[in-house]
J.: 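Got a structure for you, questions after.
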Amino acid sequence: MRTTAGAPETEALGAELAAMIEPGDVVVLSGDVGAGKTTLIRGACRALGIEAPVTSPTFTIGRRYEGGRLPVAHLDLYRLESLELEDPALLDDYLGSGAVAFIEWPAVAAPALTGRRVLAVRLEHAGGDRRRIELPAASARK
Ligand code: ADP
Ligand code: MG
């Protein structure tokens, strides 16, 4: 468990996470609204060489980013979280085999993740601008 004192430190943790990622990985992020999930993903995307702005997907469940070291998808399933994912194929566009996918509010996506290596990140508020963040154990690497 690590503690960050501001968004730039959380982005730096995202860069650490990026160093663990291999093509095909799925990174699932859990934590309350404002805990820093999108911020951490932004840091990871920067480290992967993606220059486009990385913000919360709105009006869509996800975005794809090309132009980095590997193709990246960023999904935010908050609005699906209370529903059953009636069609896991809904996620297929984002879960291409050579891509890495970052998924906020991932519970509903579980049926679509069979056979993928899943790295779990947990974030929580720790007062003010502090956040406690648990990155995947290095031993989770293949
Ligand atoms: P989430 O995706 O979990 O809802 P966001 O990353 O979108 O969270 O938002 C986190 C907000 O909290 C941003 O406005 C960010 O600037 C702010 N913030 C303050 N301190 C931190 C920190 N230590 N880590 C990450 N974000 C922080
Ligand atoms: Mg978010």
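As the structure lists them, so they are numbered: ligands from 1, and atoms in each ligand from 1.
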J.: Considering only non-hydrogen protein atoms, determine which one is nearest to atom 18 (N) of ligand 1 and report residue, atom name and distance to 0.1 Å.
T.: Arg131 NH2, 3.4 Å
J.: Say whether Gly6, considering both its backbone and side-chain N or O atoms, lies within less than 3.5 Å of an N or O atom on ligand 1.
T.: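 The answer is yes, given that Gly6 and ligand 1 share an N or O pair closer than 3.5 Å.
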J.: Where is the nearest protein heavy atom to atom 7 (O) of ligand 1: which residue, which atom, and how far?
T.: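 Here the closest protein heavy atom is Thr38 CB, 3.6 Å.
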J.: Under a 4.0 angstrom heavy-atom cut-off, which atoms of ligand 1 come close to Asp32?
T.: 3 (O)
J.: Under 4.0 Å from a heavy atom of Thr10: give me the atoms of ligand 1 that qualify, with their elements.
T.: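 Near Thr10, the atoms of ligand 1 are 22 (C), 23 (N), 24 (N), 25 (C).
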J.: With a 4.0 Å heavy-atom cut-off (strictly under), which part of Leu123 contacts ligand 1: side chain, backbone, both or neither?
T.: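 The answer is neither; Leu123 stays 4.0 Å or more away.
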J.: Using a 4.0 Å cut-off to any heavy atom of Ala35, which atoms of ligand 1 qualify?
T.: 3 (O), 8 (O)
J.: Got a protein heavy atom sitting under 4.0 Å from atom 5 (P) of ligand 1?
T.: yes
J.: Enumerate the atoms of ligand 1 whose separation from the nearest heavy atom of Asp129 is less than 4.0 angstrom.
T.: 19 (C), 20 (N), 21 (C), 22 (C), 23 (N)
J.: Answer side chain, backbone, both or neither: which part of Thr39 comes under 4.0 Å from ligand 1, heavy atoms only.
T.: both
J.: Is any NZ, NE, NH1 or NH2 atom of the basic residue among Glu16 and Arg2 found under 4.0 Å from an Asp or Glu carboxylate oxygen of the other?
T.: yes
J.: At the Mg ion (ligand 2), what's the angle from Thr38 OG1 to Glu104 OE1, rounded to 10 degrees?
T.: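 Roughly 100°, rounded to 10°.
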J.: Of the protein's non-hydrogen atoms, which lies at the shortest distance from atom 16 (O) of ligand 1, and what is that distance?
T.: Ala7 CB, 3.8 Å
J.: Tell me which part of Arg42 gets within contact of ligand 1: side chain, backbone, both or neither, using heavy atoms under 4.0 Å.
T.: neither
J.: With only distance considered, is Val33 within less than 3.5 Å of ligand 1 through an N or O on each side?
T.: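 N/O-N/O distance below 3.5 Å does not exist for this pair.
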J.: Answer with yes or no whether Asp76 contacts ligand 1, where contact means a heavy atom under 4.0 Å from a ligand atom.
T.: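 Under 4.0 Å: no for Asp76.
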J.: Does even one non-hydrogen atom of Gly31 get within less than 4.0 Å of ligand 1?
T.: no
J.: Mind checking whether Glu9 has a heavy atom under 4.0 Å from ligand 1?
T.: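 It does not, in that no heavy atom of Glu9 comes within the 4.0 Å cut-off of ligand 1.
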J.: Taking atom types as modelled, find out whether Glu11 and Thr39 have a side-chain donor-acceptor pair closer than 3.5 angstrom.
T.: no
J.: Considering the heavy atoms of Lys37, write down every atom of ligand 1 situated less than 4.0 Å from one of them.
T.: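 Counting from 1, the qualifying ligand atoms are 1 (P), 2 (O), 3 (O), 4 (O), 6 (O), 8 (O).
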J.: So for ligand 1, is Ser56 a polar contact partner (N or O within less than 3.5 Å, distance only)?
T.: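 In this structure, Ser56 places no N or O atom under 3.5 Å from an N or O of ligand 1.
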